[in-house]
Amino acid sequence: MSDLGVGFRYLLKGQRWVARHGKQYGFGLLPGLITLVLYAAALVASALWGEDAVAWATPFADDWSSPWLGLFRGFLTAVLFALALLLAVVTFTAVTLLIGQPFYENLSEKVDRDVSPDGHAPESGLPLWRELWISARDSLRIVVRAALWGVLLFACGFIPVVGQTAVPVIGFFVTGFFLTEELTAVALQRRGVELRTRLGLLRSRKTLVWGFGTPLAVAFLVPFVAVFLMPGAVAGATLMARDLLGEEIREDGAEGDGAVTTPPQPPSGSSSPAR
């Protein structure tokens, strides 16, 4: 269970790192702000024209008497907006990372150089278009996985008592896992670690992942918080990626005590393969 605390400390270390590197923090805010504007516009459009869309999709109800017509279409409009909001929460990190690929790659590399004993940061050697393609492809796969979990948890939510207590808690842990995958992917893709191997690494240290991702998932529920936490989350995820791969971390780069730590080596078979 100590890995829970370790994961949470990586989240805090990432926020402290960007706090000490104001320029990197400023650049790291831009993708989140762009994504926020796009999503806000989409949600406003959903709220303004959702009722018209529902009316267009349900012509069979045109002749229903009051109040059933209003109740039926009002319910569907609320469901439509709720689904749009859920989709926005699930995909916000993936879209932000895709839009901000150059920004976050640069930030992650600087974290690697800062905490590496030899000042070295792994590089993918791939052109930008190839990195964007891989990021978009893998993000889509993760969003599909997260959506399947969302459908399952939504169905379980109708179970009396369990659906109102255990299911929301499980939902935060599931969301935290997928958030962590998206964030660590910035550093792990640069090392040539494929999606399947990344998932294997994260599953081998679930409590570490939950300690990092679950508090972040809870924080992301607060409006606008995701934008301001994203740069530090990428920095912290880079530190955690080094831990998962057993790479040394020069602690004065992250904390200020000058020590060098060697995280536990990853399980056999979890080493990063070359692309």
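The nearest pair of heavy atoms linking Val18 to Ala235 is CG1-CB, 4.1 Å. Across all their heavy atoms, Phe92 and Ala226 have their closest contact at CE2-CB, 3.7 Å. For the pair Ala121 and Glu109, the tightest heavy-atom approach, listed with the atom from each and the gap, is CB-O, 3.5 Å. The two atoms that bring Ala233 and Gln15 nearest to each other are N-NE2, 3.2 Å, heavy atoms only. Here the closest non-hydrogen pair linking Phe103 and Pro31 is CD1-CG, 3.7 Å. In this structure, Leu179 and Ala217 approach most closely via the heavy-atom pair CD1-CA, 3.6 Å.
Side-chain contact between Ile142 and Leu199 is present, with at least one heavy-atom pair separated by less than 4.5 Å. Between Ser116 and Glu247 there is no side-chain heavy-atom pair separated by less than 4.5 Å. At least one side-chain heavy atom of Asp114 sits less than 4.5 Å from a side-chain heavy atom of His21. Within the 4.5 Å cutoff, side-chain heavy atoms of Ser65 are placed close to those of Trp68. A 4.5 Å side-chain heavy-atom check between Asn106 and Pro102 finds every atom pair outside the cut-off. Side-chain atoms of Gln189 and Ser135, non-hydrogen and from C-beta on, do get closer than 4.5 Å to each other.
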Stepwise, does the side-chain contact (heavy atoms from CB on, under 4.5 Å) test hold for Ile249 with Tyr10? CA-CA 12 Å; Ile249 299 176; Tyr10 281 134; 3.7 Å; yes
Residue pair Val234, Leu97: steps toward the side-chain contact (heavy atoms from CB on, under 4.5 Å) verdict: CA-CA 9 Å; Val234 172; Leu97 290 174; 4.1 Å; yes
side-chain contact (heavy atoms from CB on, under 4.5 Å) for Thr207 and Val6? Distances and angles first, verdict last. CA-CA 9 Å; Thr207 51; Val6 175; over 6 Å; no
When you look at Leu202 and Leu244, which way does the side-chain contact (heavy atoms from CB on, under 4.5 Å) test go after all the steps? CA-CA 8 Å; Leu202 296 175; Leu244 290 168; 3.7 Å; yes
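Taking hydrophobic clusters as Ile, Leu, Val, Met, Phe, Trp and Tyr residues chained together by side-chain heavy-atom distances below 4.5 Å, Phe8 shares a cluster with Val225. Under the 4.5 Å side-chain heavy-atom criterion for grouping Ile, Leu, Val, Met, Phe, Trp and Tyr, Tyr39 is not connected to Leu140 through any hydrophobic cluster. Following chains of ILVMFWY side-chain contacts shorter than 4.5 Å, one cannot reach Leu38 starting from Leu30, and the two form parts of different hydrophobic clusters. Phe212 and Val174 fall within the same hydrophobic cluster, where Ile, Leu, Val, Met, Phe, Trp and Tyr residues are linked whenever their side-chain heavy atoms come under 4.5 Å apart, directly or through other members. The cluster map of Ile, Leu, Val, Met, Phe, Trp and Tyr, joined by side-chain heavy atoms under 4.5 Å apart, puts Leu183 and Ile99 in the same cluster.
Taken from CG in Leu195 to CG in Asp138, the straight-line distance is 4.5 Å, to the nearest 0.5 Å. Separating the OG1 atom in Thr180 from the CZ atom in Arg205 is a distance of 12.5 Å, to the nearest 0.5 Å. Taken from CH2 in Trp17 to CG in Leu107, the straight-line distance is 5.0 Å, to the nearest 0.5 Å. Taking CZ of Phe228 as the reference point, atom CG of Leu33 lies at 6.5 Å (rounded to 0.5 Å). Rounding to the nearest 0.5 angstrom, the gap separating the CG atom in Leu229 from the CG atom in Leu11 is 7.5 Å. The CG atom of Leu216 sits 10.5 Å away from the OG1 atom of Thr175 when rounded to the nearest 0.5 Å.
Under 3.5 Å, the side chains of Ser139 and Glu182 contain a donor-acceptor pair of N or O atoms. Donor-acceptor pairing under 3.5 Å is lacking for the side chains of Thr184 and Arg198.
At a threshold of 4.0 Å, the pair Arg190-Glu105 counts as salt-bridged, since one of the basic side-chain nitrogens sits closer than that to a carboxylate oxygen. Salt bridge absent: Glu181 and Arg141 never bring a charged side-chain N and a carboxylate O closer than 4.0 Å. The pair Asp3-Lys206 fails the salt-bridge criterion, with no side-chain N (NZ, NE, NH1 or NH2) lying under 4.0 Å from an Asp/Glu carboxylate O. Ion pairing between Asp112 and Arg191 holds under the 4.0 Å rule for side-chain N and carboxylate O.
Within a 6.0 Å sphere centred on CD of Glu51, other residues, nucleotides and ligands contribute 12 heavy atoms or fewer. Under a cut-off of 6.0 angstrom, the local environment of CZ in Phe72 is crowded, with over 12 non-hydrogen atoms contributed by other residues, nucleotides or ligands.
The aromatic ring centroids of Trp210 and Phe177 lie 6.0 Å or more from each other.
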